[in-house]
Student: 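One structure is given below, represented as structure tokens, and several questions about it will come after.
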Amino acid sequence: MEAPSAPAPQPAIRVDNLTRRFGDFVAVDHVSFDVQPGEIVGYLGPNGCGKTTTIRMLLGLLVPSEGRATVLGFDSARQTEEIRARCGYMSQKFAIYDDLSVWENLRFYGGVYGINDRRRLQNTLAHVGLAGHERDLTRELSTGWRQRLALAIALVHGPRLLFLDEPTSGVDPNARRAFWDLIYDLAAEGVTILVTTHYMDEAEYCHRVGMMRAGKLLALDTPAQLKEKFVLGCVYEIYTPALLAGLKALEASPRVLRAGLAGDHLRVIAKKGVEASDLGSALAEAGAPAQTIQPGEPGLEDVFVQLSKG
Amino acid sequence: MCANGMADALIQATGLQKSFGGSHGVRRVRAVDGVDLRVSLGEIYGLVGSDGAGKTTTLRLLAGALKMDAGQASIAGYDIQKQTDQARAQIGYLSQRFSLYEDLTVLENIRFFSEVRGLPAREWKPRCLEILEFVGLAEFGGRLAGQLSGGMKQKLGLASALVSRPRVLLLDEPTTGVDPVTRQDFWQLIIRLAASSEPGRVCVLISTPYMDEAARCHRLGFMRHGRIITEGSAGQLRATLTDRIIELRGTPLAQLRRLAAEDPGAEDVRTFGDRLHVRLKEPQAQAFIDRLQAAARQASVQLEVARAIPPALEDVFMALTHGEE
């Protein structure tokens, strides 16, 4: 006899038509999405777009006006205690006590969650690679190590859902990479991770990225898919000494979807099928001949600008 | 025109040093440890590094907001230590601690800053309106500064730094916490200022912890532990890793990562969402890809994508600091 098949795994987060109004103002406008266990999802959008309000509803800190959300199987409006006990939150603005040691900070915050077991605290430190650094003074830690301590504090109670707010802002690339290796390990263990950030290179680390604007979720997909769907033309990098004149000429050209300044060159999104030589002629005609025109790679920033400006 | 005859260098500094602490049990830290800098008219120089690298202290030394322990700096030819007032008059400084008067309107704020900078009474209004127009805040003149979004506050900060027509802009992480669209707008403004023809053309020294911003500068200096460890244009720095960065996609990813790391040509492998980035020891991308394809077949690992990609500045930084921590 065949063994009964396992039930389909529940999403870690299920959001269905979630809406929140403040008077006439619709802060979150019928947002729906699923996040699977072990997924790392980035959540981007300009300030005031409804990101924070959405997260507050997921954490049960705010009641939705319409719709619902289920987090780790619990209803976000009615089972808020259960949700908060299973969520961890890591933020830049988090108060880590500079005068305390690594161990003292972890023990303090562990205590807040009712975790006093010494072995468990040690495991948490080991998990983030801080074993052996218990007595280091927090004030003297490098930014990379501070990030790890902040992560340890967010993990001390064994949450299954982690919220990271600009987690590697201001951290050098090596430390960032080490930090993300830890996050990938956690995801592989089934912890679900939601990251809010303003930085595209941080968003690139996520499995999927969601973009919000004016309360609406405009898109939620892998970085690769987002670039394919929303960068509607081909990217060129154009080096010309006459930057401003070149920009003006290209902005006026019907072949160009978008053009901008990028330090010492122009970054252009041209309509599909437009060749480098077409752009070269347009520039030469305008008296701003190009030195080099090379194809560029679409980035999440291009997606973001496309979605924000339409 | 500059006092010392070096026509182009608006910012020039050698051997800057500054330490903090050393009393009350706090360890003495060399925040800036021998920094040389030279920025010319029309240039945007990015000081790139993580928090604590020494960027803010460097900017404060150049702005004359902090006394250096050793070294020398001049702004538009004026020595910052001996001709402080003349040097400061050339500078527009936007610090991280910049704050606005929340209860005053946008126009009142910028008027205040222009008066503090000594702009004559008959000049403040047209100049302020011109500047607000430039940064895109013209319609918001009557709005209370406290009601502005973060991005708009930063734009107002930039406007305040520009109102006295400085030739040198010192910007300390001006886009922290600002959303990507506003950040783009902000950069367009800065690049425009640097690219415009005289008068009004500036040079810009901007600090940032973000590699994607570093890429927008003409030249950058990577800063670490108070020193500039390498300097050059984004193009020059990236060229050091040509044909050495590979993107891989396949399943199972963990296995693929192991195979890539085991290859003798691989210096570093890192995971990046659903793909891997490999940095090779030598510029031999195709040879590596060929070897990996064979290894993948043998190990029954499905290799979907294996291609050389243009290096990013992040790759450059990591290659430089490889093996240090």
Side-chain angles (χ1 to χ4, degrees), chain A residues 40 42 44-49 92 137 139-140 142-144 146 166 168-178 180-181 184 188 198-209 213 222-224 239 242-244 247 260-265 267 294 296-297 299-301 304-305 308-309, chain B residues 26-27 29 44 46 49-53 149-151 173 175-184 187-188 190-192 194-197 209-213 215-219 222 224 233-235 249 254 268 270-275 309-310 312-318 321-322 324-325:
Chain A
I40 303 174
L44 270 59
N47 296 330
C49 69
Q92 287 286 316
L137 255 196
R139 140 174 344 107
E140 298 190 352
S142 67
T143 40
R146 273 185 93 93
E166 301 261 8
T168 56
S169 155
V171 167
D172 78 65
N174 284 304
R176 167 189 280 178
R177 171 276 194 72
W180 276 96
D181 282 346
Y184 289 131
H198 280 320
Y199 290 94
M200 300 299 124
D201 44 8
E202 188 149 67
E204 292 266 7
Y205 278 91
C206 303
H207 295 140
R208 283 193 297 158
V209 174
R213 179 169 67 122
T222 65
Y239 290 80
L243 270 187
L244 292 179
L247 177 66
L261 298 161
D264 61 351
H265 63 278
R267 186 176 172 79
Q294 58 201 35
E297 293 267 335
L300 277 181
E301 184 155 320
F304 197 91
V305 171
S308 300
K309 293 192 169 166
Chain B
V26 177
R27 215 163 38 111
V29 169
I44 302 174
S50 60
D51 291 349
S149 70
E173 301 195 30
T175 58
T176 308
V178 157
D179 70 84
V181 177
T182 311
R183 195 144 42 93
Q184 264 258 25
W187 272 95
Q188 299 298 298
I190 295 173
I191 298 171
R192 220 172 255 280
S196 68
S197 46
Y210 298 103
M211 297 296 152
D212 64 355
E213 296 209 321
R216 298 177 214 236
C217 303
H218 296 125
R219 260 197 318 142
F222 280 138
R224 197 159 149 86
S233 74
R249 250 187 247 267
D268 190 45
R270 62 183 169 124
T271 314
F272 216 10
D274 59 349
R275 53 209 186 285
I309 55 171
L313 284 173
E314 184 154 344
D315 298 311
V316 176
F317 188 96
M318 290 178 74
T321 51
H322 174 66
E324 266 188 35
E325 255 184 69

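In what follows, chains are A, B, ... by sequence order, proteins preceding strands, each numbered from 1.
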Student: In terms of heavy-atom proximity below 4.5 Å to chain B, should A:A188 be classed as side chain, backbone, both, or neither?
Tutor: neither
Student: Which bit of B:S149 comes within less than 4.5 Å of chain A, counting heavy atoms only: side chain, backbone, both or neither?
Tutor: neither
Student: Let me see the working for B:Q184 and A:F304 under side chain to side chain contact (heavy atoms under 4.5 Å, CB included), right down to the final yes or no.
Tutor: CA-CA 11 Å; B:Q184 264 258 25; A:F304 197 91; over 6 Å; no
Student: With a 4.5 angstrom heavy-atom cut-off, is it the side chain or the backbone of A:Y184 that approaches chain B, or both, or neither?
Tutor: side chain
Student: Do you know which two heavy atoms are closest between B:T175 and A:Y199, and how far apart they sit?
Tutor: O-OH, 3.0 Å
Student: Return the set of residues passing side chain to side chain donor-acceptor pair (under 3.5 Å) with A:R177 (not counting sequence neighbours), or none when no residue passes.
Tutor: A:D181, B:D268
Student: Give the minimum heavy-atom separation between A:W180 and A:I40, together with the two atoms involved.
Tutor: CZ3-CG2, 3.9 Å
Student: Let me know if A:L137 has heavy atoms under 4.5 Å from chain B in its side chain, its backbone, both or neither.
Tutor: neither
Student: With a 4.5 angstrom heavy-atom cut-off, could you sort out which part of A:R267 is near chain B: side chain, backbone, both or neither?
Tutor: neither
Student: Between A:E204 and chain B, with a heavy-atom cut-off of 4.5 Å, which part of the residue counts as in contact: side chain, backbone, both or neither?
Tutor: both
Student: Quick one: are A:Q294 and A:Y239 in side-chain contact, heavy atoms under 4.5 Å?
Tutor: yes
Student: Go through the structure and list residues passing ring-ring contact (aromatic ring centres under 6.0 Å, His included) with A:H198, not counting sequence neighbours.
Tutor: none
Student: Please flag which part of A:L244 lies under 4.5 Å from any non-hydrogen atom of chain B: side chain, backbone, both or neither.
Tutor: side chain
Student: Which residue out of B:D274, B:V178, B:T182, B:I44 racks up the most heavy-atom pairs below 4.5 Å with chain A?
Tutor: B:V178
Student: If I measure from the heavy atoms of chain A, does B:R219 come under 4.5 Å with its side chain, its backbone, both, or neither?
Tutor: neither
Student: Give a yes/no verdict on a cation-pi contact between B:R224 and B:F222, requiring under 6.0 Å between NZ or CZ and the six-membered ring centre and an angle within 45° of the axis.
Tutor: no
